[in-house]
Amino acid sequence: MRTSSEANAGERRDQPFRGPTLRRATWRTARAAPGLSLFVRNVSLTGSGESDAHTGVALLSFLLIIALALPAALALAVDWHIRKG
Amino acid sequence: MYVGHVGIALGARSLRRDIPLWLLVLAAQGCDWLDVLFGQLMRVEDKSLWTHSIPSVALAAVAVGIVARLLMRSSTAALFVAAVYVSHILADYVTGYKPLFLDGRVFGLGLYGRPAIDFAIEGSIIAAGWWLYRRSAAPARRSDPALGALLVTLLTLQLVADTVFAIRGVLRTERGLPDGIALVADAARVDCGEATAASKDRACWSPGPSCGYSTASGLAAGTTRSGCRGSRTWPGSATSPNDKGGGR
């Protein structure tokens, strides 16, 4: 079993994107949640082609947060409206 | 469970009007927010073990209770908020597969694999919570259109989610992947060495001794794809999807 430091070292070696922060972040998200990329494919935000799948993963991570916050924000807004009245 | 957690928070609010709704919503969704924090931002492996297992939920519930005690200066309010936090995992056992303990074995009915039933159950919880919340509002405000809009929107969100799960289930069936695991955040939590940028988005679906999800009965079946790391096998999956040409 690899230690976390070994895993991190291997991860750095394997990391295909060493450029912009966005690409690094999207690649890391892809590493963290590979299954997300099964959900949506061919998402092209960067136009690079190579990292499109990972851009899609990052996009879905963002959507996941939005999806979680949306019903909560809605309930809080209505509660605020009701109490204000 | 998705919007149902908010329904639980609304219902809880009707029982304790002195506790702010934001605290109850945060408590009801707490495990999922920790999941996002650990999984998406901190990249913790097997994050569900640290957010949705019984030991982690118990620990977090105590922490949430302490925070609530400090905020509300009421021990009963603190216990109430902690109970709302614990309700999350109980609800999730109905709709999904979540780990019981830290050994990685998961448990649950997995109703996300049956979106119609899931919508019926979550919709009922949302409606019940909304009804309790509405009943606890001032009589003059009960006919406020915003309340009606809240119910419709919450149910719509849940319907959209279940529709997505249904479509995903169909796609999985076509690809020979096991159904019953539709929650996006739970999919492919195993870290597969092959699922790197080199293969773009190929996830590791193989159950086995070193990779995948344990079935509810704790049985591990199938083969292990090389490079997989993790400790779970797919719930209810007796065969490896890779044997059917899956893996994508």
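Residue numbers start from 1 in every chain, and the chains themselves are labelled A, B, ... in the order their sequence lines are given, proteins ahead of strands.
- If you measure heavy-atom distances from A:Ala77 to chain B, you find no contacts under 4.5 Å at all.
- In terms of heavy-atom pairs under 4.5 Å with chain A, the best-connected choice from B:Val25, B:Val3, B:Asp32 is B:Asp32.
- For the residue pair A:Ala75 and B:Leu150, the shortest heavy atom distance occurs at CA-CD1, 3.8 Å.
- Here B:Gln29 is the residue among B:Arg142, B:Gln158, B:His5, B:Gln29 with the most heavy-atom pairs under 4.5 Å with chain A.
- With hydrogens and angles ignored, the 3.5 Å screen pairs a side-chain donor or acceptor of B:Arg141 with a backbone N or O of A:His81.
- Between B:Tyr133 and A:Asp79, the closest side-chain pair of non-hydrogen atoms falls below 4.5 Å.
- The choice from B:Leu147, B:Leu10, B:Ile167 that makes the most heavy-atom pairs within less than 4.5 Å of chain A is B:Leu147.
- B:Ala146 touches chain A through backbone and side chain together, each having a heavy atom under 4.5 Å away.
- Looking at B:Trp130, neither its backbone nor its side chain comes within 4.5 Å of chain A, counting heavy atoms on both sides.
- Contact between A:Ala67 and B:Tyr2 at its shortest, heavy atoms only, is O-OH, 2.6 Å.
- The line from CG of A:Leu68 to CG of B:Asp35 is 9.0 Å long, rounded to the nearest 0.5 Å.
- When heavy atoms are compared at a cutoff of 4.5 Å, B:Leu21 approaches chain A by way of both its backbone and its side chain.
- When heavy atoms are compared at a cutoff of 4.5 Å, B:Asp144 approaches chain A solely by way of its side chain, counted from C-beta outward.
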